[in-house]
Novice: 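One structure, pasted below without further comment.
We name chains A, B, ... by the order of the sequence lines, and we start the count at 1 in each one.
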There are 2 protein chains.
Amino acid sequence: MKISELAKKVGISAHTLRYYEKAGLLSPSQRNQNNYREYTQEDVATTKFILACKESGFSLAETSALLAIKDNKDQHACAEAKLITRNKIEEISQQISQLKNMQTTLIDLEKYCCGGPESAEFCTIISTLEGDS
Amino acid sequence: MKISELAKKVGISAHTLRYYEKAGLLSPSQRNQNNYREYTQEDVATTKFILACKESGFSLAETSALLAIKDNKDQHACAEAKLITRNKIEEISQQISQLKNMQTTLIDLEKYCCGGPESAEFCTIISTLEGDS
DNA sequence: CTTGACCTTCGAGCATACTCTAAGGTTTAT
DNA sequence: ATAAACCTTAGAGTATGCTCGAAGGTCAAG
């Protein structure tokens with residue numbers, strides 16, 4: 001199939017597919033005589049794999065590493081896939097805690113503010129940010 | 001004080017201070033006769049305000065809006081500050097849920113994988129990403 | 001034979017928040 | 001007098017993952 005057919009089938013743009021190709025994630029098995037990309041069912045599967053990785057939070061670089069394992073399973077150990085996954089879990093945990101800290105700070109900021117049409121002269125949000133503790 | 005003294009005092013680089021100036025967040029009250037930036041105590045306070053906003057997760061654009069309130073309290077209502085804060089809380093909540101979803105997916109991926117030196121032929125991480133459900 | 005809908009490549013643009021460099025001027029210490 | 005350590009500006013580079021546009025080739029229908 002041609003690029004826009006694949007694009008439609010997996011729900012992303014042809015531009016993005018070409019971008020993935022440039023990033024080394026997905027190359028169509030061949031080109032036709034007009035130099036148009038020709039994709040196979042295997043390419044569809046690979047594209048879906050990429051999108052599943054994205055869903056799970058993997059970067060394109062990590063996805064690339066996972067693809068290398070997928071495409072050459074007998075040359076790779078389970079340990080590799082597990083390590084990539086563990087590292088990602090750790091990274092996301094850290095992001096979550098950072099966001100939770102911000103959330104706590106923000107909720108503290110917000111809860112004492114009257115939020116009314118009054119002048120912000122005594123606004124607790126502003127004065128807290130100013131460092132009046 | 002000059003730029004690097006302020007930088008040292010608040011713990012960021014002079015480059016960043018100039019960047020904040022270009023972004024409209026912080027302008028030194030004056031320049032000396034050599035066109036060097038001269039900062040006052042008020043500028044120190046403003047810089048700390050900016051960093052407090054950053055700590056809380058506000059973008060530079062949001063920080064800019066909060067600064068406008070701070071610098072002109074009687075022209076602004078509490079409601080404005082509260083709205084900005086609420087929107088940020090909402091935004092961060094969404095980021096947290098998205099990350100938590102990823103985290104759940106990743107933990108599911110990881111927990112069944114043996115993680116051993118065996119070939120990845122039957123790796124549950126890879127096969128799950130391949131869509132074998 | 002022309003119109004519209006495809007396809008190609010290369011390269012720029014977006015968003016965010018810096019970070020750094022280059023080229024040049026000033027100040028301070030020895 | 002000169003070297004180190006400041007300061008200035010403008011603009012480029014970094015990271016990520018797209019997103020879009022320009023210029024040109026191909027193809028199918030009427």
Novice: What is the distance, rounded to the nearest whole Å, between atom CG of A:Leu17 and atom C1' of C:dT9?
Specialist: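 Distance, rounded to whole Å: 16 Å.
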Novice: Roughly, in whole Å, what's the span from CD in B:Glu91 to C1' in C:dA15?
Specialist: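 It is 13 Å, rounded to the nearest whole Å.
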Novice: Scan B:Gln94, B:Arg86, B:Lys88 and name whichever one has a side chain to side chain donor-acceptor pair (under 3.5 Å) with B:Glu90.
Specialist: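 For B:Glu90, the side chain to side chain donor-acceptor pair (under 3.5 Å) test succeeds with only one of B:Gln94, B:Arg86, B:Lys88, which is B:Gln94.
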Novice: Among D:dG11, C:dT8, D:dC7, find the nucleotide with the atom closest to the side chain of B:Tyr36.
Specialist: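 So the side chain of B:Tyr36 is nearest to D:dC7.
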Novice: Taking only side-chain N and O atoms of A:Ser4, does any of them lie within less than 4.0 angstrom of OP1 or OP2 on C:dC7?
Specialist: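 Answer is yes, contact under 4.0 Å.
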Novice: With rounding to the nearest 0.5 Å, note down the distance linking CD1 in A:Ile125 to CD in A:Glu110.
Specialist: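 Between A:Ile125 CD1 and A:Glu110 CD, I get 6.5 Å after rounding to 0.5 Å.
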Novice: Kindly confirm or rule out a cation-pi arrangement of A:Lys2 over A:Tyr39, judged by NZ or CZ under 6.0 Å from the six-membered ring centre and within 45° of its axis?
Specialist: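 No; the conditions do not both hold, so A:Lys2 does not lie above the ring face of A:Tyr39.
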Novice: If you only use heavy atoms from C-beta on, which nucleotide in D:dC27, C:dT27, D:dT9 is closest to the side chain of B:Arg37?
Specialist: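 For the B:Arg37 side chain, the nearest candidate turns out to be D:dT9.
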Novice: With respect to the side chain of A:Tyr20, which nucleotide from D:dC7, C:dC7, D:dC18 is positioned closest?
Specialist: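 Closest of the options to the side chain of A:Tyr20: D:dC18.
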Novice: I need the CE-P distance between B:Met1 and D:dC7, as an integer number of Å.
Specialist: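 Rounded to whole Å, this separation is 12 Å.
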Novice: So, OP1 or OP2 of C:dT9: does either fall under 4.0 Å of a side-chain N or O from A:Arg31?
Specialist: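 Looking at the OP1 and OP2 atoms of C:dT9, one of them is under 4.0 Å from a side-chain N or O of A:Arg31.
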Novice: Judged by each residue's nearest nucleotide on DNA chain D, which is more toward the 5′ side, A:Gln33 or A:His15?
Specialist: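 Nearest-nucleotide comparison on DNA chain D picks A:His15.
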Novice: Among D:dC18, C:dC6, C:dT27, which nucleotide has an atom closest to any side-chain atom of A:Tyr19?
Specialist: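 The answer is D:dC18.
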Novice: So if I take every side-chain heavy atom of A:Asn34 and compare against D:dC18, D:dT26, C:dC18, which nucleotide ends up nearest?
Specialist: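 For A:Asn34, the side-chain atoms sit closest to D:dT26.
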Novice: Atom NZ of B:Lys88 and atom P of C:dT16: how far apart are they, to the nearest Å?
Specialist: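 For the pair B:Lys88 NZ and C:dT16 P, the rounded distance is 10 Å.
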Novice: Give the rounded distance in Å between these two atoms: OH of B:Tyr39 and C1' of D:dT8.
Specialist: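 Answer to the nearest Å: 12 Å.
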Novice: Let me know the distance between CD of B:Glu21 and C1' of C:dC18, rounded to the nearest Å.
Specialist: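 Value for this atom pair: 16 Å.
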Novice: Taking the minimum atom-to-atom distance to the side chain of B:Lys54, which one of C:dC18, D:dC6, D:dC18 wins?
Specialist: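 Minimum distance to the B:Lys54 side chain belongs to C:dC18.
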Novice: Using whole Å, report how far CG of B:Leu25 lies from P of C:dT16.
Specialist: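 Atom CG in B:Leu25 sits about 13 Å away from atom P in C:dT16.
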Novice: Side chains of A:Glu38 and A:Ser29: any donor to acceptor distance under 3.5 Å?
Specialist: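 No - no donor-acceptor pair under 3.5 Å links their side chains.
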Novice: Expressed as a whole number of angstroms, how long is the span from A:Lys8:NZ to C:dA5:P?
Specialist: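 Rounding to the nearest Å, NZ of A:Lys8 and P of C:dA5 are 13 Å apart.
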Novice: How far apart are the C-alpha atoms of A:Phe58 and B:Leu106, what are their side-chain angles, what is the distance that settles it, and do they pass the side-chain contact (heavy atoms from CB on, under 4.5 Å) test?
Specialist: CA-CA 10 Å; A:Phe58 290 113; B:Leu106 287 167; 3.5 Å; yes
Novice: Report which part of the nucleic acid A:Ser13 touches: base, sugar-phosphate, or nothing (heavy-atom distance under 4.0 Å, all strands).
Specialist: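 Here A:Ser13 touches no strand at all.
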Novice: Pick the closest DNA chain C nucleotide for A:Lys22 and for A:Asn35 by heavy atoms, then say which residue is nearer the 5' end.
Specialist: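 That would be A:Asn35.
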